[in-house]
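Here the structure is laid out as structure tokens; the discussion comes afterwards.
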Amino acid sequence: MSACNCQFVIFGATGDLASKKLLPALYHLQCAGRMPEAMRIVAFGRRPWDDAAWQAFLRQELESYASGFHPEHFDAFCQHFHYVQGELHDPESYGKLSALLTREGAERPDDTTFYLAIRPGEFVPVVQQLSAAGFNRDSGSHRIVIEKPFGDDLESAIQLNEQLHRHFNEDQIYRIDHYLGKEIVQNLIAFRFANLPIESVWNRNYIDHVQITVAEDFGIENRAGYYDQAGALRDMLQNHLMQILTLVAMEPPPSLEADALRDEKVKVLRSIRPIPKTAIHAYAMRAQYGPGQVNGKHVPGYQNEPGVEANSVTETYVAAKFYIDNWRWRGVPFYLRTGKRLAAKTSSVAIRFRHTPQQLFRETSIEHIEPNWILLSLQPESLKIEIYVKEPGLEMRIRPIQLNASYRRDGEKELDAYEALLLDVMEGDRALFIRFDEVEWAWRAVDPILKAWSRETDYISTYPAGSWGPEEASRIMDQEDQYWRSIF
Ligand SMILES: NC(=O)C1=CN([C@@H]2O[C@H](COP(=O)(O)OP(=O)(O)OC[C@H]3O[C@@H](n4cnc5c(N)ncnc54)[C@H](OP(=O)(O)O)[C@@H]3O)[C@@H](O)[C@H]2O)C=CC1
Ligand SMILES: O=C1O[C@H](COP(=O)(O)O)[C@@H](O)[C@H](O)[C@H]1O
């Protein structure tokens, strides 16, 4: 990476996102020699710490979450950091920040990225404070990175966008969805558009339905303050799963240029059939984890997690069905599900094909002939295609086999999504960031569900922690022979 005097400010430096994703990603860049030498990183937090206390915290979090801890890299990494104790709502804290960011003698600070790793409700106050402190569109090369969820429904997303534009230009705003930084998610584009046989069957004539699953085996950990307000639909489905859906469903773009891709993704979102108000329960179901066993350990239910409101009906699991009413997909259900405290951490796209028009082998073979599947597993990474072959022997009997391939050759290292996206921000590349119309149309698709749930405040189904979610999740399936497919 080129030498630069850029600066990077993390609001919420002591939070979950910073600990699990941002700090490890920056550290990995350091270890890989990709951190600009003159880079200055400011950790903004409210805890009464000095640089030494910050470094002790940083070390502890990297030991827990980075892949490998190397003391020699850590010492060099620490040199980039300054800790600023501050309050998100306090103008004086921004004064302190400004004094630190502006080099002596310089009229304005160097290129600076402000990363808002804070609860969504704090985005606007922080942007206003930044603007009041002079870090806005008129004062040099400043960028803001806004985490998801962008708003908590359609209306608030529009308002948030307006607020941002009062202070910053669109080209300064980086709306991040880290799933787009996952190489494996980008691989969907290669899989579809670099392989003629695949693309030619990728439509309603051949595909029966699509399933997108993002399952996590951990709970909400210490994030009740955020999560109990958000829930799984806002936290995961409206953004990460919808982005995967757009990549599975979009038309070939004219080029791989950022706006060409975004235009196609937006067309998909605009084609999603609005869910009828009277049929929400046929399209979506929610549930919450109860106590159970995960990886052999007993874990409490959501209601007993620290910070969760008594009798909360916040969903930790959501399954929903969408139809894309265009020429390619009309009539093909897209089933999306995500949940916490499920049996394993795994994400996948499962494509089920239609039955062959003639069942030639029904008499002589296994009783139930499943249609073919393509299973793209994002985590663990694999690509499986299920097809039938003849069993060896005199009889004309068939049996299923799996063609199983890995995307990665031996020794090829995975670049973490945040590493890739942080480099992009520092280099001013917005290609993998979200345009507002993508956010807007994704909210339009899920808003009817949220509205219906907001009226149902006295009951939520539960599922045992460590299971694959509530059994009723299959009620959204259109046909009896459709079922949630495991990728294992
Ligand atoms: N956690 C994750 O895996 C992911 C999270 N995200 C998104 O990242 C954002 C942050 O999430 P997450 O890290 O989980 O949230 P957390 O609640 O864990 O972190 C919030 C951070 O904000 C700080 N903070 C809160 N109030 C103030 C205040 N008044 N003054 C100064 N600092 C304050 C907290 O400080 P303190 O520690 O002192 O409380 C903490 O550092 C959300 O938008 C979330 O959707 C996106 C992808 C993944
Ligand atoms: O955005 C979020 O993502 C994480 C899951 O990210 P992954 O890269 O580990 O799959 C999720 O745990 C968190 O609740 C959510 O806010």
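Keep in mind the model is a prediction, meaning the values are calculated, not measured. Note that ligands are numbered from 1 as they come in the structure, with each ligand's atoms numbered from 1 the same way.
Within 4.0 Å of ligand 2, protein heavy atoms come from Lys21, Lys148, His178, Tyr179, Lys182, Glu216, Phe218, Arg223, Asp235, Met236, His240, Lys340, Lys345.
If you look at Lys148 next to ligand 1, the close heavy atoms, those under 4.0 Å, come from the backbone and the side chain alike. If you look at Tyr418 next to ligand 1, the close heavy atoms, those under 4.0 Å, all belong to the side chain.
Between Thr316 and Tyr463, the side chains place a donor N or O and an acceptor N or O closer than 3.5 Å (distance only, hydrogens not considered).
Using a 4.0 Å cut-off between charged nitrogen and carboxylate oxygen, Lys96 and Glu92 do not count as a salt-bridge pair. Ion pairing between Asp437 and Arg262 fails under the 4.0 Å rule for side-chain N and carboxylate O. With respect to Arg485 and Glu386, a salt bridge is recorded, a charged nitrogen being found less than 4.0 Å from a carboxylate O.
Looking only at protein heavy atoms, the nearest one to atom 11 (O) of ligand 1 is Leu17 CB, 4.2 Å.
Under a 4.0 Å heavy-atom criterion, Arg223 is in contact with ligand 1. Residue contacts with ligand 1: Gly45 is excluded, as none of its non-hydrogen atoms falls under 4.0 Å. Within the 4.0 Å heavy-atom shell around ligand 1 one finds Gly86. For Gly225, the heavy-atom gap to ligand 1 stays at 4.0 angstrom or more.
The N/O atoms of Tyr226, backbone and side chain alike, include one that comes under 3.5 Å of an N/O atom in ligand 1.
Pairs of residues two or more places apart, or lying in two chains, that qualify as salt bridge (Lys or Arg N to Asp or Glu O under 4.0 Å) and include a residue from residues 147-160 are Lys148-Asp235. Sorted by first and then second residue, the salt bridge (Lys or Arg N to Asp or Glu O under 4.0 Å) pairs with a member in residues 173-187 read Glu170-Arg175; sequence neighbours excluded. For residues 157-176, the ring-ring contact (aromatic ring centres under 6.0 Å, His included) pairs, not counting sequence neighbours, are Tyr174-Phe433.
Taking the six-membered ring where tryptophan is involved, the planes of Tyr27 and Phe69 are essentially parallel, since the angle between them stays under 30° and well short of 60°. Note on ring orientation: taking the six-membered ring where Trp is involved, the planes of Phe57 and Trp49 are tilted (angle from 30° to 60°).
Near Pro120, the atoms of ligand 1 lying under 4.0 angstrom from a non-hydrogen atom of the residue are 43 (O). Taking every non-hydrogen atom of Ala117 and a distance limit under 4.0 Å, the qualifying atoms of ligand 1 come out as 10 (C), 21 (C). If you number the atoms of ligand 1 from 1 as listed, the ones under 4.0 Å from a heavy atom of Arg119 come out as 17 (O).
Remark: aromatic rings of Tyr302 and Tyr289 are close, center separation under 6.0 Å.
Remark: side-chain polar atoms of Gln186 are paired, donor with acceptor, to backbone N or O of Leu180 under 3.5 angstrom.
For the residues Arg46, Glu216, Met236, the heavy atom positioned nearest atom 39 (O) of ligand 1 is part of Arg46. The residue among His240, Glu87, His178 with a heavy atom at the shortest distance from atom 29 (N) of ligand 1 is Glu87.
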